[in-house]
Every structure is written in structure tokens, then in C-alpha cells.
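Right, one structure below, let's go through it.
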Amino acid sequence: MITELTGLTLTQSFHLMRQGHLSSLELTRACLERMDEQNPVLHAFLTPTPDLALQQAEAADRIWAAWRKDASTPLPPLLGLPLAVKDVLAVKDVRCTCGSLMLEHFIPPYSATAVERLLSAGVVILGKTNTDEFAMGSSTENSAYGTTRNPWDTSRVPGGSSGGSAAAVAASLAPAGLGTDTGGSVRQPASFCGVTGLKPTYGRVSRYGLVAYGSSLDSVGAFAHTAEDVALVFGQMAGFDRRDSTSADVPVTPVRLDGGASLKGLRVGVPAEYFIKGIQPEVEACVRKAIADFKALGAEVKEINLPHTEYALPVYYLIAPAEASANLARYDGIRYGLREDSASLGEIYRLSRGAGFGPEVKRRIMLGTYALSAGYYDAYYGQAQKVRTLIKRDFELAFQDVDVIAAPVAPTTAFRIGDHSEDPLAMYLEDVFTLPANLGGVPGLTFPVGFDQQGLPIGMQLMGPHFREDILLQSAHVYQQHTDWHKCHPQS
Ligand code: GLN
């Protein structure tokens with residue numbers, strides 16, 4: 001049962017704690033109980049960390065008590081609030097599997113910058129959540145530890161690859177969670193699970209301590225029920241980090257959530273290329289309705305074009321596997337993770353990688369190695385990089401005329417477990433609307449805008465100019481003040 005406590009947003013819990021009506025320990029215990037009850041069904045958490053969580057909650061309550069005695073005590077902005085962390089982000093001394101047998105016993109000796117900053121802001125870590133192996137997938141079915149289930153219909157996928165965090169938030173096991181988005185892995189599961197999810201601008205949140213998938217695409221993002229909560233988490237983890245060479249030294253624009261309840265002056269672009277044949281009619285209808293709601297709230301809506309959108313899928317599925325094949329070369333049975341012993345070094349590599357990686361990861365390594373090999377590099381990887389520039393330019397041109405771009409997140413609602421697992425291309429097609437933002441490096445935010453006839457959530461995505469997460473979060477916040485989709489919870 002979702003209790004009064006587990007149903008609270010971060011913002012609500014923080015206010016209650018501030019007023020002395022709720023302790024971090026009470027809230028954390030409620031989340032852990034909910035996890036005990038629901039995780040056997042949903043399989044959202046791979047490694048719950050109840051001892052760590054209770055310890056952190058007690059420490060948070062001590063700071064609350066000190067602040068209550070002396071109001072000049074600094075109050076960390078997320079003090080005592082529970083958080084789920086996708087199992088590709090390092091949390092010091094907690095197993096980090098990346099959904100892979102390769103890292104079944106890997107314990108990182110340090111925390112990712114994003115995690116470290118959130119810990120300094122006072123969060124309580126509930127555990128590590130399920131993911132497609134090395135974040136490669138759109139359903140969480142590629143995890144070596146079993147599929148996560150969608151809380152709205154447990155015969156369906158939660159989306160992926162950050163399906164564990166999305167499901168944990170949707171089912172109120174955690175009020176917020178971290179995910180990563182290389183080609184849609186925050187936005188698509190947020191849409192499938194009916195929660196709000198942000199993929200920040202590339203370089204906005206440090207990748208230090210994030211296990212690399214596609215290094216030029218990877219972005220650390222967050223899930224919660226509301227844009228307001230996502231803004232809270234994002235605000236604490238964003239910003240320059242010298243430990244990540246691609247971290248952007250650009251000041252983080254504060255998200256203003258007190259700007260009133262109107263969208264007057266907001267210019268919304270609707271790209272024709274995102275309303276293609278094959279999209280589930282209810283998805284299109286709900287997204288169009290939400291765009292009409294934006295207009296009713298004062299936004300100016302215009303049709304735009306992003307002419308190179310159709311190339312995003314082939315370009316991504318060359319660049320991401322190419323980068324993955326290079327990043328995954330480090331798992332050789334010698335330095336990290338699983339080792340299958342043998343007398344010869346070559347055999348150790350072959351056996352360890354053969355046993356440690358699952359089929360999708362092997363497919364990507366083969367694709368990527370091929371695309372990078374001498375003689376093919378220019379034809380595939382080089383060509384893909386050029387087209388990527390055109391996709392990025394599409395966004396830059398569009399943002400000369402509009403402030404945000406509104407579009408569907410995925411062509412369908414959550415599909416059934418097993419529906420695409422035999423057909424990698426059908427699975428890749430699920431990403432058609434999310435990949436362009438990663439290729440262009442622009443931020444994207446998903447939030448719920450309705451349900452299909454089977455009661456499955458539908459999300460809409462807003463994309464914005466580089467480093468303007470604030471516009472996306474502010475706009476969604478205004479929309480959420482006028483609608484209730486984000487307040488809907490799955491039964492049980
Ligand atoms: N589904 C895409 C892939 O499989 C995106 C994954 C992600 O964003 N991590 O590569």
C-alpha cells in the first residue's frame with residue numbers, strides 16, 4: 001500500500017521535516033517497508049542499502065535537531081530525503097553491477113560526483129536500481145539480473161535502461177531517483193512509468209564515477225513525481241567538475257518556480273518530423289492535447305521542422321556502439337570484474353568477456369568495432385559524425401525561433417515483456433524520438449500528459465536550448481499546477 005508517507009513528494013517531505021512533523025528516519029523506514037513489500041514483484045532495486053539508509057537518516061535527523069536548536073546551523077537543501085540510484089553510478093563501498101555479470105562483485109572505492117554532491121546536500125540512499133546491461137537497452141530486459149516490471153501493469157516493461165529508478169519512483173518505493181540518458185534512458189522510462197524525468201544538457205552534470213557507455217552522449221538525470229522535485233535534485237548535482245574533462249564550465253541558471261501560473265510568452269515549436277506514421281494514436285492525441293493546454297496557458301505554438309531527424313536512429317546506432325566498444329575494452333578479466341582463468345592471456349580475455357557480457361552488449365561491441373575498423377571508419381563512424389553535426393544544427397536553427405520543442409517521447413506506451421526481445425531493430429525503433437536530443441547535446445524533460453485505453457501512462461517531452469534546463473522545468477511546473485496527471489499513482 002502506498003502510505004501517506006511514501007506518497008509524499010520531496011518538496012512536501014522537506015516542508016514537513018522543517019516543521020518538525022516528520023523525521024528522515026520515519027520517511028526512510030516507510031520507503032524501506034514499501035520496498036520489502038513491492039520489490040519482490042517489481043524488481044526495481046538490485047541492491048537495497050537499508051543499513052546505509054538508516055544510518056544516513058539518523059545523521060540527517062541529528063542535523064535537523066541541531067538546526068531546530070540553532071537556526072543558524074546550515075541546512076542542506078535535501079536533508080533527509082530518500083533517493084534511489086541507478087546501478088551505473090558509483091556509490092562508495094556499495095556494489096555497482098551495471099546490470100552485468102562482469103561487475104557482479106565490483107565495489108567502487110569512491111562515489112560519482114553527482115552522488116557525492118547529493119550526499120552533501122543531505123540525501124539518504126535507499127539502494128541501487130536495475131538497468132539494462134551497461135545501460136544498453138530500452139526495456140530493462142537486458143539486465144543480467146532479470147527484468148524490472150512496470151508498476152502500472154506488471155506484464156509490461158518499465159522502459160529502459162533506467163527502468164529500475166523509474167519503476168521505484170512510480171510505485172513510491174522512493175520519492176526520487178537517478179538515471180542516465182545516452183539515447184533516452186531517463187525520458188522513455190519516465191514516460192512508460194508516468195513520472196517526470198530530466199536529461200540535462202551534455203556536460204551539465206559530471207560523468208565522473210558514471211560507468212561509461214557512449215561517452216559523447218551520456219548524461220546523468222533524475223526522476224521524481226513533479227518538475228519541482230526534479231529541479232531540486234538537478235540543482236544540487238549540476239555544475240562544473242574538473243574531474244570530468246567534458247564537464248561544462250557554464251553557470252547553472254536557477255530554476256524559478258515562483259514565476260506565476262501562466263506560460264505567456266513561451267514559444268513552443270512542434271516538429272512535424274516527430275508525428276510520423278506508426279505512432280500509437282493515443283500517444284499522438286495526448287501529446288497534441290498537452291500542446292493545446294500549453295497554448296491555453298498562454299504559450300505561442302508554431303509548427304517547425306527538424307529535417308535531419310530521420311537520420312538520428314542510424315547515426316546513434318553507429319556512434320553509441322562505436323564508443324561502447326572502446327569503453328568496454330577495459331573489461332579484460334585482468335583489471336576489473338569477472339576473470340575466467342586460463343594459461344594464456346588471450347584465453348583469459350576471450351573467456352572472461354565471453355562469460356561476463358550478455359548478448360546485447362556483445363552485439364554492440366561487434367557493431368562498434370566494425371564501424372571503427374580501418375577501411376570502414378570513414379564510411380561509417382566518420383559519416384555518422386558528419387550527420388550528427390547536421391542534427392545538432394537543426395536544433396540550433398530551431399531555437400532561434402522557439403524557446404522549447406514539444407514532442408512525443410516514444411511511439412508507443414509500455415510494451416509487453418518479451419515483445420521486442422527477439423528483434424533488436426524493433427527495440428531500437430522505440431528510441432526514435434529520444435535519440436536526437438543526445439546527438440545534439442540538448443536537454444530534454446518528460447512528464448505525464450495522459451493515459452491510453454489500457455490505463456498506461458503517456459509522457460510528453462520538452463527539449464530546450466543548451467544549458468536551459470530551467471525553461472523546461474519551469475514550463476512543466478506551470479503545466480503541473482493546472483493538471484493532475486503527475487498525481488496519478490498505480491494501484492497496489
Ligand atoms: N535505448 C538506447 C540504447 O539502447 C538508449 C540507452 C540509454 O539511453 N542508456 O542505446
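One-based numbering, in listed order, for ligands and for the atoms of each.
- Taking every non-hydrogen atom of Y213 and a distance limit under 4.0 Å, the qualifying atoms of ligand 1 come out as 3 (C), 9 (N), 10 (O).
- Shortest non-hydrogen contact noted between S143 and T131 is CB-O, 3.1 Å.
- Within the 3.5 Å criterion, the main-chain N or O of F275 finds no donor-acceptor partner in the side chain of E284.
- Residue L435 places no N or O, backbone or side chain, under 3.5 Å from any N or O of ligand 1.
- Of the listed residues (R364, E360, M427), the one carrying the non-hydrogen atom nearest atom 4 (O) of ligand 1 is R364.
- Any N or O atom pair closer than 3.5 Å counts here, and K86 shares no such pair with ligand 1.
- Atoms of ligand 1 found under 4.0 Å from any heavy atom of G137, numbered from 1 in the order shown, are 1 (N), 2 (C), 3 (C), 4 (O), 6 (C).
- Note: F106 and Y331 fail the aromatic proximity criterion, with ring centroids not under 6.0 Å apart.
- R156 places a side-chain N or O within 3.5 Å of a backbone atom of A414 that can act as its donor or acceptor partner.
- Set against the non-hydrogen atoms of G183, the atoms of ligand 1 under 4.0 Å away are 5 (C), 7 (C), 8 (O).
- Within the 4.0 Å heavy-atom criterion, the part of D431 lying near ligand 1 is the side chain and not the backbone.
- Considering backbone and side-chain N/O atoms, T182 comes within less than 3.5 Å of an N/O atom of ligand 1.
- Between K362 and R353, the shortest heavy-atom distance links the atoms CE-O, 3.8 Å.
- Residue contacts with ligand 1 for S161 involve side-chain atoms from C-beta outward but no N, CA, C or O (heavy atoms, distance under 4.0 Å).
- Judged by distance alone, the side chain of R117 and the main-chain N or O of A238 form a donor-acceptor pair under 3.5 Å.
- Checked against the 6.0 Å centroid criterion, the rings of Y316 and Y428 do not qualify as a close aromatic pair.
- The residue from S219, P189, A135, S138 that puts a heavy atom closest to atom 1 (N) of ligand 1 is S138.
- Among all protein heavy atoms, the one lying closest to atom 6 (C) of ligand 1 is S185 OG, 2.9 Å.
- Remark: among candidates Y428, F134, Y317, the nearest residue to atom 3 (C) of ligand 1 is Y317, based on non-hydrogen atoms.
- Counting the atoms of ligand 1 from 1 in the order shown, those under 4.0 Å from a heavy atom of D181 are 8 (O).
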Working for salt bridge (charged side-chain N to carboxylate O under 4.0 Å, His left out), residues R393 and E396: CA-CA 5 Å; R393 214 171 278 160; E396 284 161 2; 5.4 Å; no
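- Here the closest heavy-atom approach between residue T129 and residue K86 is recorded as OG1-CA, 3.1 Å.
- Shown in contact with Y316 at under 4.0 Å from a heavy atom are these atoms of ligand 1, numbered in order with element: 2 (C), 3 (C), 5 (C), 6 (C), 10 (O).
- An N or O contact shorter than 3.5 Å is missing between M136 and ligand 1 by distance.
- The number of heavy atoms from other shown groups lying within 6.0 Å of OH (Y376) does not exceed 12.
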